[in-house]
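Residue numbers begin at 1 in each chain, while the letters A, B, ... track the order of the sequences.
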2 protein chains.
Amino acid sequence: MHLSLEDINRLNKRSRANLINSVSGIKSANLIGSIDAEGRTNLSIVSSVVHLGSHPPLIGYIQRPRGAERHTYENILATKQYTLNAIHSEIIRPAHQTSARYAREQSEFEQTGLTKEWLNGFSAPFVKEAYVKMAMQLIEIIPIPSNDTELVIGEIQNLYFPSNIYKPDGHLAIYEANTVGICGLDTYLKTEKITRLSYAKPNETLKEI
Amino acid sequence: MHLSLEDINRLNKRSRANLINSVSGIKSANLIGSIDAEGRTNLSIVSSVVHLGSHPPLIGYIQRPRGAERHTYENILATKQYTLNAIHSEIIRPAHQTSARYAREQSEFEQTGLTKEWLNGFSAPFVKEAYVKMAMQLIEIIPIPSNDTELVIGEIQNLYFPSNIYKPDGHLAIYEANTVGICGLDTYLKTEKITRLSYAKPNETLKEI
């Protein structure tokens, strides 16, 4: 089946969003924890987290433009700190529910039943139920003129994970901690390892490692 | 287990790359097809593709800085066009092999056995074996000062996929086309649907759809 740009632009808004959110591939599934200057916490689901580099350890996510309220973004601007918490198969429903438009006075923690956790004096709340979690310091926000979105970049300050998924060479087997992925806007996927392959070199056969 | 930024910075380069590439979550797995002004084709694997927006349909990827050669990036700068091809479980090995450092004269198509495909007069080559593929027009390149990477943004010109994975509401079930994900630098994951959930609203129970 073939759709041109014209065909895509002719789709209704919801169908187009469903389609284009699906085509880029499996997306990561994280919860961003944040807090405002008055101590009100916020939790929001994000599927656009992307690895930017390892030294320094930088992670970005795409901030969508929204006419209305953007509590997480405002909190990050105000405090410069936030947390990233990997969504796993046992917390899919409350994680998805954080995307409902709650008022600022309603913390998504209370509304969804996920538990706030405070670690090592970090200002932003973590999700207690998550297995892989990161304390993030805001580094820069880069405007994307093409569609009025922004790339929000943070540096990992602290990293928490179950020791049994940490391999001797540094690889973190997040798929062994039931970490899920997202397809499109609303479909949650479990993941399972197929293979791990050696570093590729010309004229050398790949080995399973 | 807990690692601080200091702990992370003390890891050796390879362990740190393995770790930080794993922590952001499941990554999408795509092949970028491109061609230079002399007609030499190039194919490279990318795990940093990210959805930017649906109207216009924009997709980005992170271009790493590399002292040495960056054929794909140079080709995109020269021709403004490239293709994105979803990696599925039957082409993991040749897809991974495209990350070997071949000379410009050696096309990764020939070196890995993946097949060039030309569709609707588009200048850049597609991967015939892929099920989901996109013709991309370069829109803008945004420098990321924090670590000297760039966000390369393209607009979908044409979209190809098997009709049986296209749902009535626009959702594309890429997990039904054996699309794989990546964890870290080298680990390929299969994906399977757990659930699809309704649009979340405050005080409303989520439904499986």
Working to the nearest 0.5 angstrom, can you tell me the gap between Asn147(B) CG and Glu155(A) CD? 10.5 Å
What one should report as the nearest heavy-atom pair of Leu189(A) and Thr191(B) is CD1-CB, 4.0 Å
Can you list the residues of residues 41-50 of chain A that sit under 4.5 Å from chain B, counting heavy atoms only? Ser48(A), Val49(A), Val50(A)
So which part of Pro145(B) gets closer than 4.5 Å to some heavy atom of chain A, the side chain, the backbone, both or neither? both
Is it the side chain or the backbone of Leu84(B) that comes within 4.5 Å of chain A heavy atoms, both, or neither? neither
Honestly, the part of Lys201(B) sitting under 4.5 Å from a heavy atom of chain A is backbone
With only heavy atoms counted, which part of Leu52(B) is less than 4.5 Å from chain A, the side chain, the backbone, both or neither? both
Which atoms of Ser198(B) are under 4.5 Å from chain A, going by heavy atoms: the side chain, the backbone, both sets, or neither? backbone
For Ile144(B), is it the side chain, the backbone, both or neither that has a heavy atom under 4.5 Å from a heavy atom of chain A? both
Give the minimum heavy-atom separation between Ser24(B) and Ser28(A), together with the two atoms involved. O-CB, 3.5 Å
Among Ile174(A), Ile62(A), Asn9(A), which has the most heavy-atom pairs under 4.5 Å with chain B? Ile174(A)
Please report the closest heavy-atom contact between Leu172(A) and Cys183(B), naming both atoms and the distance. O-SG, 3.4 Å
Does any heavy atom of chain A fall under 4.5 Å from the side chain of Leu3(B), the backbone, both, or neither of them? both
Spell out, as yes or no, whether a donor-acceptor pair under 3.5 Å connects the side chain of Asn21(B) to the backbone of His51(A). no
For a quick test of reading the model, state the closest non-hydrogen atom pair linking Ser89(A) to Ile194(B) and the distance between them. CB-CD1, 4.2 Å
Which of residues 160-171 of chain A have a heavy atom under 4.5 Å from any heavy atom of chain B? Tyr160(A), Phe161(A), Ser163(A), Tyr166(A), Asp169(A), Gly170(A), His171(A)
Qualifying residues under ring-ring contact (aromatic ring centres under 6.0 Å, His included), relative to His96(A), sequence neighbours excluded: Tyr188(A)
If I compare all heavy atoms of Val180(A) with all of Ile26(B), which pair ends up nearest, and what's the gap? O-CG1, 3.8 Å
Which residues, numbered in order, of residues 123-139 of chain B come under 4.5 angstrom of chain A by heavy-atom distance? Val132(B), Met134(B), Ile139(B)
Taking all non-hydrogen atoms of both residues, which atom of Glu204(A) and which atom of Gln97(B) are closest, and how far apart? O-OE1, 3.7 Å
Is Ala17(B) in contact with chain A via its backbone, its side chain, both, or neither, using a 4.5 Å heavy-atom distance? both
Chain A contact via Ile153(B) - which portion, at a heavy-atom distance below 4.5 Å: side chain
N/O donor-acceptor pair under 3.5 Å between Gln157(B) side chain and Ser4(A) backbone: no
Within the side chain of Arg93(A), is there an N or O that forms a donor-acceptor pair under 3.5 Å with the backbone of Leu206(B)? yes
